[in-house]
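Please read the structure below before turning to the comments.
Throughout, protein chains are lettered first and strands after them, A, B, ... in sequence-line order, and every chain is numbered starting at 1.
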2 protein chains.
Amino acid sequence: MAKKPDEIAKALGVSITTVRLVLGGKAEKYRISKATQARIREYVEEHGVKFDLTARSLKLKRTNTFGLIIPRLANPFFAKLSEELEHRCRETGYQLIISCSNSDEETEKELANGLVQRNVDGLFVVSSTSGSQQHLGNTITKPMVFLDRDYGNTDAPVITSSNFEGAKDLTAAIAKAAGNEPVYFLIGGSNQPTIIERARGYLDVMPENAGEDWTLRSARNRTQDGEQMMQTLWDKLGTAPQNLMASSLPVLEGALAVLRERLGHIPAQLRLATFDDDKMLSFLPNEIWSIKQQEPEWAEAALQAMTQTMSSEQPHSKTIATRLIHRPKDQ
Amino acid sequence: MAKKPDEIAKALGVSITTVRLVLGGKAEKYRISKATQARIREYVEEHGVKFDLTARSLKLKRTNTFGLIIPRLANPFFAKLSEELEHRCRETGYQLIISCSNSDEETEKELANGLVQRNVDGLFVVSSTSGSQQHLGNTITKPMVFLDRDYGNTDAPVITSSNFEGAKDLTAAIAKAAGNEPVYFLIGGSNQPTIIERARGYLDVMPENAGEDWTLRSARNRTQDGEQMMQTLWDKLGTAPQNLMASSLPVLEGALAVLRERLGHIPAQLRLATFDDDKMLSFLPNEIWSIKQQEPEWAEAALQAMTQTMSSEQPHSKTIATRLIHRPKDQ
DNA sequence: GTGAAAGCGCTAACAT
DNA sequence: ATGTTAGCGCTTTCAC
């Protein structure tokens with residue numbers, strides 16, 4: 001349907017250049033006559049045009065494309081972040097290509113490589129491991145912005161959230177309600193930088209003995225890790241805790257599943273605190289505090305850091321504030 | 001770091017063509033000597049290569065890229081579907097570009113246009129409206145596969161899920177538990193093809209009067225639509241229903257929010273049924289039935305339909321089965 | 001066995 | 001005021 005520039009040129013008896021100049025908005029600069037401009041525009045109005053961005057990219061050595069590597073789209077935070085980032089990129093004239101590494105170091109490297117071969121103009125990466133972040137930093141010469149995980153071994157800008165401050169707020173909120181009772185903290189993925197910060201925030205607020213007596217740790221942060229930690233805690237207490245904190249939603253899910261299994265239900269008087277927010281937390285009758293990420297701010301900061309890097313300005317790493325959400329107990 | 005073919009050629013004193021032939025796996029065909037092959041491979045082993053896929057695409061008129069247009073990534077179903085599809089595309093040697101239309105017809109057209117200009121080899125689209133599906137079908141000459149919404153006005157293959165059958169199963173399950181009590185159905189987005197099918201399934205199982213007496217409808221399926229429908233229902237009944245069905249999760253969220261607001265809690269004896277599944281439904285103490293989509297099967301079928309279209313085979317539309325999940329009531 | 005050359009559609013500098 | 005041209009890096013065909 002849509003005509004290519006050379007077809008338009010032939011149809012109107014002008015040169016391809018003339019067509020391109022007019023359609024490229026350079027008509028005035030090269031003083032193409034109004035009459036010719038009108039004829040071309042009219043033709044386009046009727047038939048449409050089809051430019052080939054591939055050829056343009058080859059010539060300009062720039063694709064107006066960014067790559068984004070995240071662990072998983074099934075994770076609501078990354079999904080929302082991707083959506084926001086994609087939207088802003090498009091507004092700025094860039095197409096975003098989203099790929100999932102599945103938290104695998106090798107996959108992450110392959111993805112980055114593939115995107116570089118496609119000549120993306122820049123790369124956003126949520127790096128799975130310290131090693132892969134370092135590798136990418138050394139290997140890739142394109143503008144890069146790291147997101148969420150700061151392993152502290154790159155010169156590229158890193159956008160993180162205020163995990164430490166957020167954890168302090170979250171812990172303080174549930175601890176106040178708990179009074180003298182212990183607040184147990186299930187920590188999944190305890191070697192990830194984000195989680196380390198969350199644990200640090202918790203310990204900053206809690207008494208000395210909390211680190212040893214009230215925390216449980218697991219290498220990963222899946223539902224089954226939450227289950228396993230809750231089982232350990234149950235066995236230790238011989239009953240359900242009164243106040244429970246989880247380092248992420250999957251961990252909370254696992255913990256609650258175990259409680260339901262042992263008790264037949266989730267006790268309504270149990271106080272809960274968790275990182276990451278989800279509308280469905282409102283389904284629980286319990287009093288709950290949660291930490292909500294502000295994805296729009298993340299996307300904004302990420303794109304800005306990328307723009308700065310590309311224009312050789314000093315790019316700024318940034319920490320995005322979180323928000324504490326409180327859901328009161330059912331009456 | 002990585003060398004480009006011409007740099008390798010110069011370094012080894014051979015022609016660019018020779019380098020390309022070897023690295024492109026065409027060495028045997030053009031009888032490049034083993035010795036030369038070895039030298040080139042060795043050099044690459046040490047320094048790495050960097051091909052430019054942009055130039056390749058320009059020459060071959062094929063980008064090994066597919067586009068995917070969905071309403072929102074924040075919707076967990078589309079996020080999971082995207083993840084699965086992206087994964088399979090990559091296995092097949094394609095890069096997937098995901099864009100969100102925000103359910104806006106104009107945006108959807110623009111996105112499709114942009115992707116075509118980038119010379120994607122094919123397009124997967126979850127079309128927001130009948131009009132845009134028709135428009136795309138008439139405008140775009142690339143291989144296309146439509147997902148989820150079948151407006152019945154395209155020759156391109158459409159992958160849908162068994163909304164009618166799923167709705168029958170879901171309705172039958174809750175109706176059986178409800179006995180003679182009414183099962184109210186909150187229908188959000190009542191003019192979308194998927195929702196129409198769900199409503200049809202409900203009516204197929206329920207008695208004559210259900211369509212008039214037990215259903216509530218809203219043009220969209222957001223949380224606020226669920227709230228509004230629940231309010232209407234409450235005002236009609238003067239109390240909370242005993243059995244409630246929702247056409248999607250946001251609608252359920254809205255409905256439950258209203259109940260909590262009026263009652264101070266969500267009554268545990270309320271039976272619930274909803275389309276779309278989420279792990280967090282387990283947070284509710286209620287007896288719940290839900291309909292789970294099988295995203296891997298979706299992705300599989302979508303990619304297969306695309307492959308068939310591209311090889312000019314007769315592409316097959318396909319309906320993906322859903323699964324009924326039952327969560328018993330807390331004890 | 002290896003190399004040279006044409007051409008994909010575009011941009012930008014240079015002719016006419 | 002409009003047209004011509006070189007070259008981006010790749011594939012493919014043909015020449016040495």
> Taking the six-membered ring for Trp, are F77(A) and W298(A) ring centroids under 6.0 Å apart?
Replying inline: yes

> When we call it a touch if two heavy atoms are under 4.0 Å apart, what does S57(A) touch: a base, just sugar-phosphate, or nothing?
Replying inline: nothing

> Do the side-chain N or O atoms of T18(A) get closer than 4.0 angstrom to the phosphate oxygens (OP1, OP2) of dT2(D)?
Replying inline: no

> So, are K80(B) and E84(B) salt-bridged, with charged N and O less than 4.0 Å apart?
Replying inline: yes

> Are the charged groups of K109(B) and E106(B) less than 4.0 angstrom apart, N to O?
Replying inline: yes

> By side-chain contact (heavy atoms from CB on, under 4.5 Å), which residues pair with P71(B), not counting sequence neighbours?
Replying inline: F78(B), S101(B), S103(B), V126(B), R149(B)

> Counting only side-chain N and O atoms of T36(B), is one of them less than 4.0 Å from OP1 or OP2 of dG1(C)?
Replying inline: no

> Without hydrogens or angle criteria, can the side chains of S99(A) and Q95(B) be said to hold a donor-acceptor pair below 3.5 Å?
Replying inline: yes

>> Parallel, tilted or perpendicular: which one describes the rings of Y94(A) and F66(A), with boundaries at 30° and 60°?
In response: parallel

> Just how large is the angle between the end axes of the helix from dG1(C)-dC16(D) to dT16(C)-dA1(D), five pairs per end, to 10 degrees?
Replying inline: 60°

>> So, taking the atom named CD1 in I40(A) and the one named CD in E42(A), what distance separates them when rounded to the nearest 0.5 Å?
In response: 11.5 Å

>> Regarding T54(B), tell me which of base, sugar-phosphate or nothing describes its non-hydrogen contacts under 4.0 Å with the strands shown.
In response: nothing

>> Whole angstroms only, please: what is the NZ-P distance between K34(B) and dT2(C)?
In response: 12 Å

> Rounded to the nearest Å, what distance is computed from the CZ atom of residue R39(A) to the P atom of nucleotide dA1(D)?
Replying inline: 16 Å

>> Can you build the contact string for nucleotides 7-13 of chain D? Use B for base contact, S for sugar-phosphate-only contact, and - for no protein heavy atom under 4.0 Å.
In response: BBBBBSB

> Nearest 0.5 Å, what's the CD-CG distance between Q192(A) and D150(A)?
Replying inline: 13.0 Å

